[in-house]
Amino acid sequence: MELNDANLQTLTEFLRKTLNPDPAVRRPAEKFLETVEGNQNYSLLLLTLLEKSQDDVIRVCAAVTFKNYIKRNWRIVEDEPNKISEADRTAIKANIVNLMLSSPEQIQKQLSDAISIIGREDFPQKWPDLLTEMVTRFRSGDFHIINGVLRTAHSLFKRYRHEFKSNELWSEIKLVLDTFALPLTELFKATIELCQTHANDVNALKVLFSSLTLISKLFYSLNFQDLPEFFEDNMETWMTNFHGLLTLDNKLLQTDDEEEAGLLELLKSQICDNAALYAQKYDEEFQPYLPRFVTAIWNLLVSTGQEVKYDLLVSNAIQFLASVCERPHYKHLFEDQSTLTSICEKVIVPNMEFRSADEEAFEDNSEEYIRRDLEGSDIDTRRRAACDLVRGLCKFFEGPVTAIFSGYVNSMLTEYAKSPRENWKHKDAAIYLVTSLASKAQTQKHGITQANELVNLNEFFVNHILPDLKSSNIDEFPVLKTDAIKYVMIFRSQLPKEQLLQAVPLLISHLQAQSTVEHTYAAHALERLFTMRGPNNATLITSAEMALFTEQLLTNLFKALSLPGSAENEYIMKGRVHPVVLLPFSLLASSFVFPPFLKPSCNPSKPHFNHYLFESLCLSVRITCKANPATVSSFEEALFPVFTEILQNDVQGVLSFFRISTPTLFLHLTWEVPPYIIEHMPAESIIQYRKQIFILLFQRLQSSKTTKFIKSFLVFVNLYCVKYGAIALQEIFDSIQPKMFGMVLEKIIIPEVQKVSGIVEKKICAVGITKILTECPAMMDTEYTKLWTPLLQALIGLFELPEDDSIPDDEHFIDIEDTPGYQTAFSQLAFAGKKEHDPIGDAVGNPKILLAQSLHKLSTACPGRVPSMLSTSMNAEALQFLQGYLQAATVQLV
């Protein structure tokens, strides 16, 4: 493609069509761009458009298209064609920094991300002058340009926060520090001086404080792995200025908006993060500065209002105190009784209060409230931070803290008793404080697993929780009802079974509450109780114990789906799955009213709701048809019209596989069909389809490589390996395309496996990768051998590193498939009589031990090979972890 006006016009027209909501117009345009993106100059045409087009929409579209193009194609994979010509690569790197810095902010952000993607592949070896080129722009004095540089640097360096330590990483960080640390420090000092000079110019201050926030983020990234010598030598400069910014209060930067955090709040929040980093990791070096930061952050907390815009700042400030009080070096700062009392009175209790903003969210934005409170996405909330501070203080001062807080709890409950209608928020805070005080260890599966022995949970339940649950008016004080339900849910492993059985019929009645949050919590609490296990791994609550309540439970669950705001409530539908096994056959058959609820699946907006709907359907069909085969025809008559509509409309995300056999109807509707096929279907029945399954999956990867799909793909590939063997996996990949096996390892498994989440999912991947490493001869004797050590290092990273939960910024420009992968949380047909679902089961107890034993076996078969590969290319920290696995397994490499 030549760089001419005709091609620019053609490209403009097709880009505009990609924005058309009509699929008949949009999809052909997208296909056209896919077919031409391999041509030389395609990327340069996009850059020309985003620079010179008179249409701002087209400029932004070109910028997004360019970034996505770079993301898909910049990485060079050995033995694959280079998707971007060397001439284009050179031209892009020669022009993109200038273009980024001269573009409007919306386009600048896209190009900054593109530079970051290129930098991850080419910096520093293939792009040695990138940092130098960026640093020279600091001298421009133009803060539009400077902020563009800082934003790009932040995008490049933030990966240092979760990278494995290695010689390569240290070398890169050293190069960055040598080039960037001094100019960054000088810019930091100069920017602070300019803030003083322009203290009365609000427009200038907004730009300057944006710069200071970015500089503070860069400081965090560059100091995360270790304390660099440069920053240690210049700690006085940085910490003195950070402290000054924490205590700064410029009226011009205060905003009237009560919800959106202002620049001053964002900067102070990041400084709190920086101080917490130093307090946790470099406490000896930071010790001289700690007292002044504790004082400044304390004063900040007691003087900051309750408005939502301060939430991030207050949360980070409290988290700083929480991180400090947990360190043995600093416990003397909190030993005084008056200090603990002051912390409780002025920091913890005020930030546990249920504010007007929380009440508004509870009533008007229930989904967001549930997401933050029930699903654990409340990490940046005041309440979560205050709870963490309570737990931190209890580490060394459990007795005094419990005594002090007990007094406040009793006081708040007394105030509530005086006038419940006026003072109900006092009881809400009291319940939350008790929960924080009592909780020492928690898991999603079991709730609180270790509690503060000084808190009498049973007594509190009887005196203050049970009365709310028993209240005849389930719609009165919905927040307190929700608190009571949550108390039962999270302390279910600590409360005696008698109290849980007492709570079950009360929870069933709360399914009819008008409050979306209240009836959602009731459904979730019931689902959690029904999954509890007692002796011999049997369900704690039996069918006999539920016999009096099952019919009412099922009725109320269905009624709850008709309440406003809950037509597609995933928690209610999930709660519908487990009672199915408690129902007698006659009741189950008569209660089959699924088709009305199947209608949403024809136009799915809540994928998780649909998933649980189909899980419940599967279980109902399985149990009913097994008991009475004659009901098969009734199910067919009820379900097939809906299935036909789904298939005719090609509803994406609703993947179904079903087989009808007489006399039993066996129906499975799953979100990820391939793992189900691999695990459950006989090998001989699918052998002819395996290759086509993989081809379809690769096509999906190529067209829309979302993070969620990659995670599901990784689990599927490794499950295939576990079931059929590493050799079979390598052979089927290479039969699709020569050397495809190596491409998948290099492009997908090695760089992406750290994103896998979930205990079972990680176990599947660990066992599968272990088999590839130790049971695939091609990994030892072909061109794939070079991938052996990186794959082993990726596996150790899966074991030892935090989950990489980052999601590319551009994923909202493509269709995000918000469907669950192959996860235990979405495979709970275990309650039809199976054990908790794990496809590998007891065959592998500890994947780390399996890795050690398998490597030992491999090294015995190939003496000297394994130690040689490890000593030449494995980084030291990963090698240290591996030695620990070998010692635990009592084996050696030979």
Side-chain angles (χ1 to χ4, degrees), residues 298 301-306 314 317-318 321-322 325 334-359 362 373 381-440 448 451-471 476-488 490-491 494-495:
W298 171 263
L301 283 170
V302 298
S303 62
T304 301
Q306 290 286 319
V314 171
I318 296 176
L321 291 182
C325 73
F334 303 90
E335 286 176 336
D336 189 77
Q337 184 85 359
S338 62
T339 301
L340 292 173
T341 302
S342 187
I343 290 173
C344 178
E345 179 184 343
K346 297 180 179 178
V347 175
I348 293 173
V349 171
N351 287 294
M352 283 190 174
E353 290 178 356
F354 197 76
R355 300 169 301 167
S356 298
D358 300 318
E359 190 173 2
F362 184 94
D373 187 54
T381 64
R382 294 174 184 245
R383 279 192 156 190
R384 171 67 177 272
C387 179
D388 290 344
L389 180 53
V390 172
R391 290 175 183 171
L393 290 171
C394 285
K395 184 173 182 179
F396 295 114
F397 315 108
E398 186 173 70
V401 167
T402 303
I404 293 168
F405 289 176
S406 295
Y408 280 97
V409 168
N410 291 332
S411 174
M412 288 186 281
L413 290 174
T414 301
E415 289 298 312
Y416 166 75
K418 290 178 182 177
S419 178
R421 190 161 298 280
E422 297 296 326
N423 298 329
W424 64 265
K425 290 185 180 180
H426 288 275
K427 183 172 183 179
D428 169 80
I431 294 173
Y432 202 89
L433 188 52
V434 168
T435 302
S436 303
L437 196 59
S439 307
K440 296 179 72 173
I448 301 300
N452 183 341
E453 294 179 357
L454 302 176
V455 179
N456 192 327
L457 293 171
N458 297 341
E459 182 182 323
F460 192 84
F461 172 81
V462 171
N463 293 336
H464 304 290
I465 299 299
L466 202 55
D468 283 334
L469 292 177
K470 286 183 172 180
S471 170
E476 184 182 32
F477 304 131
V479 174
L480 294 183
K481 299 290 196 300
T482 300
D483 290 339
I485 294 167
K486 187 178 179 183
Y487 186 95
V488 174
I490 65 173
F491 288 115
Q494 305 297 319
L495 297 174

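Source: prediction; values computed, not measured.
Counting heavy atoms of neighbouring residues, nucleotides and ligands inside a 6.0 Å radius, atom CD of Glu453 does not exceed 12 of them.
Heavy-atom minimum distance, Ile348 versus Ala386: O-CB, 4.1 Å.
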In sequence, state the C-alpha distance, the side-chain angles, and the governing distance for Asp468 and Lys427, and then conclude on salt bridge (Lys or Arg N to Asp or Glu O under 4.0 Å).
CA-CA 11 Å; Asp468 283 334; Lys427 183 172 183 179; 2.9 Å; yes
Decide salt bridge (Lys or Arg N to Asp or Glu O under 4.0 Å) for Glu415 and Lys425; before the verdict, give the C-alpha distance in whole Å, the side-chain angles of both, and the deciding distance to 0.1 Å.
CA-CA 10 Å; Glu415 289 298 312; Lys425 290 185 180 180; over 6 Å; no
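Taken from SG in Cys387 to CZ in Arg382, the straight-line distance is 16.0 Å, to the nearest 0.5 Å. Atom CG of residue Leu389 and atom CZ of residue Phe334 lie 7.5 Å apart, to the nearest 0.5 angstrom. How far OH of Tyr416 is from CZ of Arg421: 9.5 Å, rounded to the nearest 0.5 Å. Between the CG atom in Leu437 and the CG atom in Leu454 there is a gap of 8.0 Å [rounded to 0.5 Å].
Under the ring-ring contact (aromatic ring centres under 6.0 Å, His included) criterion, Phe460 pairs with His464, Tyr487, not counting sequence neighbours. Under the side chain to side chain contact (heavy atoms under 4.5 Å, CB included) criterion, Pro350 pairs with Gln306, sequence neighbours left out.
Looking only at side-chain heavy atoms (C-beta outward), Leu340 and Glu335 stay at 4.5 Å or farther from each other. The side-chain heavy atoms of Gln337 and Ile404, taken from C-beta on, include a pair separated by under 4.5 Å.
In this structure, the side chain of Asn351 engages the main chain of Val347 through a donor-acceptor pair within 3.5 Å. Lys481 contributes no side-chain N or O that, together with a main-chain N or O of Leu469, makes up a donor-acceptor pair within less than 3.5 Å.
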